[in-house]
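Worth knowing before you read on, the calculation uses all heavy atoms, side chains too, and leaves out hydrogens, waters and symmetry mates.
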Amino acid sequence: MTAGSAHSEKLELRLSPEAKQTLSAAATAAHRSISDFVLESALTRADETLAERRHWGLGAEVWRAFLAALEEPVRELPRLRRLLRSRSVFER
């Protein structure tokens, strides 16, 4: 969602007079309404927060270890095999 999308929901917010004054000054400097400024800022921060959860990176050494682990032969896990072959509690 972008700040320019059609607005159909309302979000209420309580803040200190100082915080409102800061937001008002920043919105004025950006030639935006306080609502548009706060919405755009909040959406930008939300995108950053969600991106941190979706994308992650590995250093070169850890990446090599990861690739090596993928190349290893499959280990036999008898307990897991038994679990997967047994009937589910939902099937009983």
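- Here the CD atom belonging to Glu91 is positioned 8.5 Å from the OG atom belonging to Ser86, to the nearest 0.5 angstrom.
- Among residues at least two apart or in separate chains, ring-ring contact (aromatic ring centres under 6.0 Å, His included) pairs with a member in residues 60-88 are Trp63-Phe66.
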Leu77 vs Arg75, side-chain contact (heavy atoms from CB on, under 4.5 Å): CA-CA, chis, key distance, verdict: CA-CA 6 Å; Leu77 301 170; Arg75 291 185 322 182; 4.0 Å; yes
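- Between Thr49 and Arg45, the closest side-chain pair of non-hydrogen atoms falls below 4.5 Å.
- Residues Leu11 and Leu39 form no side-chain contact, since every pair of their non-hydrogen atoms from C-beta on lies 4.5 Å or further apart.
- Not one N or O on the side chain of Glu72 forms a donor-acceptor pair closer than 3.5 Å with the backbone of Ala69.
- Here the closest non-hydrogen pair linking Ile34 and Ser24 is CD1-CB, 3.7 Å.
- By the criterion of side-chain heavy atoms lying less than 4.5 angstrom apart, applied directly or through intervening Ile, Leu, Val, Met, Phe, Trp or Tyr residues, Leu43 is not grouped with Leu13; the two fall into different hydrophobic clusters.
- Within 6.0 Å of CD on Glu71 lie no more than 12 heavy atoms contributed by other residues, nucleotides or ligands.
- Summarising the geometry, atom NZ belonging to Lys20 is positioned 12.5 Å from atom OG1 belonging to Thr22; distances are rounded to the nearest 0.5 Å.
- The pair Glu61-Arg64 does not count as a salt bridge, with every side-chain nitrogen at least 4.0 angstrom from each carboxylate oxygen.
- Applying the salt bridge (Lys or Arg N to Asp or Glu O under 4.0 Å) criterion to Arg14, with sequence neighbours excluded, gives no partner residue.
- The distance from atom OG of Ser41 to atom CZ of Arg32, rounded to the nearest 0.5 Å, is 8.5 Å.
- Linking ILVMFWY residues whenever their side-chain heavy atoms come closer than 4.5 Å, directly or via other members, places Val38 and Leu15 in the same cluster.
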